[in-house]
Amino acid sequence: MATLPVIDLAEFSDQNQRKNMLEASRYWGCFRVINHSFPVDLQSQMKAAVTALFDLPADIKRRNADANLCTSGYVVSTPENPLYEGFGVYDASSLNDVDAFCSLLDTPIHVRETIKTYAQKSRELIVDIAMKLGEMMGLKDQNFGAWPCHFRFNKYNFTQDSVGSHGVQIHTDSGFLTLLKEDECVGGLEILDPVSGSFIEVDPLPGSFLVNFGDVGKAWSNGILCNVKHRVICKAAIPRFSVALFLLAPKDDKVESPPALIDSDHPRMYQTFTYDDYRKLRFSTELHGGEALSLLLM
Ligand SMILES: O=C(O)CCC(=O)C(=O)O
Ligand SMILES: [Fe+2]
């Protein structure tokens with residue numbers, strides 16, 4: 001069975017690591033990173049912080065209201081994803097926004113500090129990975145640091161009866177790039193092999209992060225990067241937690257391939273669109289697996 005490439009960021013000057021990252025981004029739309037700069041302790045502290053948030057009474061959790069389609073605040077099980085529960089924070093690149101989220105939920109000071117530090121460090125890591133990719137694609141001056149981020153904490157209320165059911169349905173992420181911290185104790189994430197058309201299980205690797213591209217990644221790169229389809233399946237009767245940071249789209253919200261990625265052999269594939277409009281399109285068409293992009297082809 002095919003396995004997901006693992007990229008060693010400490011060895012990134014090595015040509016093989018660079019080549020593997022670009023190839024994985026094109027083929028899978030996904031790879032794992034190890035030996036990154038993210039503090040290991042912070043990963044376990046964050047799991048404890050997120051667990052504490054989900055343990056709050058329902059009326060407090062609902063204070064994380066859904067401000068708009070982009071942020072999707074607190075979500076409790078839906079008919080499509082009955083085992084799922086999640087919090088959303090927008091814009092995670094603003095410490096004020098993260099602070100406001102914590103204030104709404106009356107989080108204790110140590111939980112607040114963990115969430116803020118995690119937001120900051122994971123944003124640094126996702127921007128660093130985006131810059132590395134940009135450089136490999138010949139776009140050294142692209143400033144991903146200004147792009148807004150959405151932060152999401154996921155809980156899957158898995159029970160014995162739910163083994164084999166979906167924790168979250170097949171989807172692509174709508175933004176550019178996602179940094180995912182899976183539950184290190186409970187597997188269940190599966191990604192689509194675009195050539196064989198079958199899903200492969202992605203087992204957690206302690207200390208690592210999963211990185212994947214979404215629909216903006218595919219459109220912005222003029223079809224070079226793959227927007228990976230993925231899902232979560234319940235494998236065991238243990239609650240599963242994950243934390244995702246989504247680097248969404250350019251600061252002005254306009255998604256358009258840079259001229260350097262367009263030539264006569266690779267004509268522009270997609271109309272220019274705004275991320276906000278694209279989210280609305282995905283929502284109204286209920287096309288959550290990247291299919292909505294085909295409505296924007298030139
Ligand atoms: O929980 C996971 O492992 C995946 C979460 C996910 O796909 C998402 O938040 O978009
Ligand atoms: Fe996802």
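We count ligands from 1, going down the list as the structure has it; atoms in each ligand are counted the same way. Quick note: residue numbers are just sequence positions, from 1.
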Any chance the rings of F246 and F151 have centres within less than 6.0 Å?
no
Polar protein atoms (N, O or S) that approach the Fe ion (ligand 2) to under 2.8 Å
H171 NE2, D173 OD1, H230 NE2
Has E291 got a side-chain atom pairing as donor or acceptor with G289's backbone, closer than 3.5 angstrom?
yes
Looking at the rings of F144 and W220, which for Trp means the six-membered one, are their centres under 6.0 Å apart?
yes
Between the side chain of E85 and the main-chain N/O of V76, is any donor-acceptor distance below 3.5 Å?
no
Select all protein residues for which some heavy-atom-to-ligand 1 distance is less than 4.0 Å, and list them by chain and number.
R152, N154, Y156, H171, D173, L180, L189, H230, V232, R240, S242, F246
Should the pair K254 and F273 be classed as cation-pi, given the thresholds of under 6.0 Å to the six-membered ring centre and 45° from the axis?
no
Could you check, using the six-membered ring where one of them is a Trp, whether Y84 and Y156 have ring centers closer than 6.0 angstrom?
yes
Salt bridge between R240 and E182, side-chain N to carboxylate O under 4.0 Å?
no
Test ring-ring contact (aromatic ring centres under 6.0 Å, His included) applied to Y275 and F176, step by step:
CA-CA 10 Å; Y275 178 64; F176 178 68; over 10 Å; no
Going by an N to O cut-off under 4.0 Å, is there a salt bridge joining E135 and K140?
no
